[in-house]
Amino acid sequence: QVQLVESGGGLVQAGGSLRLSCAASGLIFSNYGMGWFRQAPGKEREFVAAISWSGGSTYYADSVKGRFTISRDNAKNTVYLQMNSLKPEDTAVYYCAARTASSGSVYVKSYDYWGQGTQVTVSS
């Protein structure tokens with residue numbers, strides 16, 4: 001059974017940094033494109049970042065470009081999201097996702113597996 005487990009969320013002041021991790025099991029990790037999404041209370045889940053199976057291609061939402069970096073370590077079956085210069089509007093539950101294709105995707109419905117999420121709260 002495929003499992004994705006996020007970690008690394010927490011409370012941080014505006015301007016601070018966090019690194020989220022997503023550990024995958026039950027799949028051949030290097031065969032999957034991976035993505036990060038977030039969802040604030042009362043809002044729909046939105047795209048944050050995606051990465052191809054090889055790590056050679058990355059994609060970012062305009063709202064986080066230049067501040068967030070997605071990466072992966074296939075040997076550790078883990079994808080990361082480094083978040084710098086955090087803003088209060090970044091506050092949300094962050095989810096990692098996997099799709100059975102080599103590329104990432106910006107679309108929620110393109111992903112086959114989801115983690116349970118990790119809370120990120122940025123204080124002003």
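Side chains included, hydrogens not; waters and symmetry mates left out as well; all remaining heavy atoms used. Being a predicted model, the structure only gives us computed values, none of them experimental.
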Novice: About how many Å separate CG of Leu18 and CZ of Phe68, when rounded to the nearest 0.5 Å?
Specialist: 9.0 Å
Novice: Applying side-chain contact (heavy atoms from CB on, under 4.5 Å) to Asn31 and Trp53, what does each step give before you reach the verdict?
Specialist: CA-CA 6 Å; Asn31 289 350; Trp53 70 271; 5.8 Å; no
Novice: Quick check: closest heavy atoms across Ala92 and Tyr94, and the distance to 0.1 Å?
Specialist: O-CD1, 3.4 Å
Novice: Step by step, would you call Arg38 with Ser63 a side-chain contact (heavy atoms from CB on, under 4.5 Å)?
Specialist: CA-CA 12 Å; Arg38 66 188 183 187; Ser63 59; 3.5 Å; yes
Novice: Applying the 4.5 Å side-chain criterion to the ILVMFWY set and letting contacts propagate, would Tyr59 and Tyr95 be lumped into a single cluster?
Specialist: yes
Novice: Partners of Glu89 by salt bridge (charged side-chain N to carboxylate O under 4.0 Å, His left out), sequence neighbours excluded?
Specialist: none
Novice: Would you tell me whether Ser17 and Asn84 have side-chain atoms, one donor and one acceptor, within less than 3.5 Å of each other?
Specialist: yes
Novice: Testing the basics here: between Met83 and Val120, what is the closest heavy-atom pair and its distance to 0.1 Å?
Specialist: CE-CG2, 3.8 Å
Novice: Quick check: does any side chain N or O of Asp112 sit under 3.5 Å from a backbone N or O of Thr100, one acting as donor and the other as acceptor?
Specialist: yes
Novice: Looking at every non-hydrogen atom in both residues, tell me the closest pair between Cys22 and Leu4 and how far apart they are.
Specialist: SG-CB, 3.9 Å
Novice: I need the minimum non-hydrogen distance between Thr78 and Ala23, along with the two atoms involved.
Specialist: OG1-CA, 4.2 Å
Novice: When Gln39 is tested against each of Arg45, Glu44, Glu46 for side-chain hydrogen bond (donor to acceptor under 3.5 Å, both in side chains), which residue passes?
Specialist: Arg45
Novice: So, using salt bridge (charged side-chain N to carboxylate O under 4.0 Å, His left out) as the criterion, who are the partners of Lys65 when residues are at least two apart?
Specialist: Asp62
Novice: What pair of heavy atoms forms the shortest contact from Ser124 to Pro88, and how long is it?
Specialist: CB-CG, 3.9 Å
Novice: Grouping I, L, V, M, F, W and Y whenever their side-chain heavy atoms are under 4.5 Å apart, do Val48 and Tyr60 come out in a common cluster?
Specialist: yes
Novice: Membership question, hydrophobic clusters at under 4.5 Å side-chain separation (ILVMFWY): are Tyr113 and Leu20 in the same one?
Specialist: yes
Novice: Got a sec, which hydrophobics cluster with Tyr80, joining ILVMFWY side chains under 4.5 Å apart, including via others?
Specialist: none
Novice: Side chains of Asn77 and Arg72, heavy atoms from C-beta outward: is any pair under 4.5 Å?
Specialist: no
Novice: Holding to salt bridge (charged side-chain N to carboxylate O under 4.0 Å, His left out), I want the full list of residues that pass it with Arg67, two or more places apart in sequence or in another chain.
Specialist: Asp90
Novice: Which residues pass the ring pair (Phe, Tyr, Trp, His ring centres under 6.0 Å) test with Phe47, not counting sequence neighbours?
Specialist: Phe37
Novice: Which heavy atom in Ser52 sits nearest to a heavy atom in Gly56, and how many Å separate them?
Specialist: OG-N, 3.3 Å
Novice: Taking a hydrophobic cluster as the set of Ile, Leu, Val, Met, Phe, Trp and Tyr residues connected by side-chain heavy atoms closer than 4.5 Å, whether directly or through intermediates, do Val93 and Val108 fall within one such cluster?
Specialist: yes
Novice: Hey, can you pull the donor-acceptor pairs under 3.5 Å for the side chains in residues 6-15, sequence neighbours left out?
Specialist:
{"unit_1": "Glu6", "atom_1": "OE1", "unit_2": "Gln116", "atom_2": "N", "d": "3.0"}
{"unit_1": "Glu6", "atom_1": "OE1", "unit_2": "Gly117", "atom_2": "N", "d": "2.8"}
{"unit_1": "Glu6", "atom_1": "OE2", "unit_2": "Cys96", "atom_2": "N", "d": "2.9"}
{"unit_1": "Glu6", "atom_1": "OE2", "unit_2": "Gly117", "atom_2": "N", "d": "3.2"}

Novice: Is it true that the side chains of Tyr111 and Arg99 contain a donor and an acceptor less than 3.5 Å apart?
Specialist: no
Novice: Within this structure, what is the CE-CG distance for the pair Met34 and Asn74, rounded to the nearest 0.5 Å?
Specialist: 9.5 Å
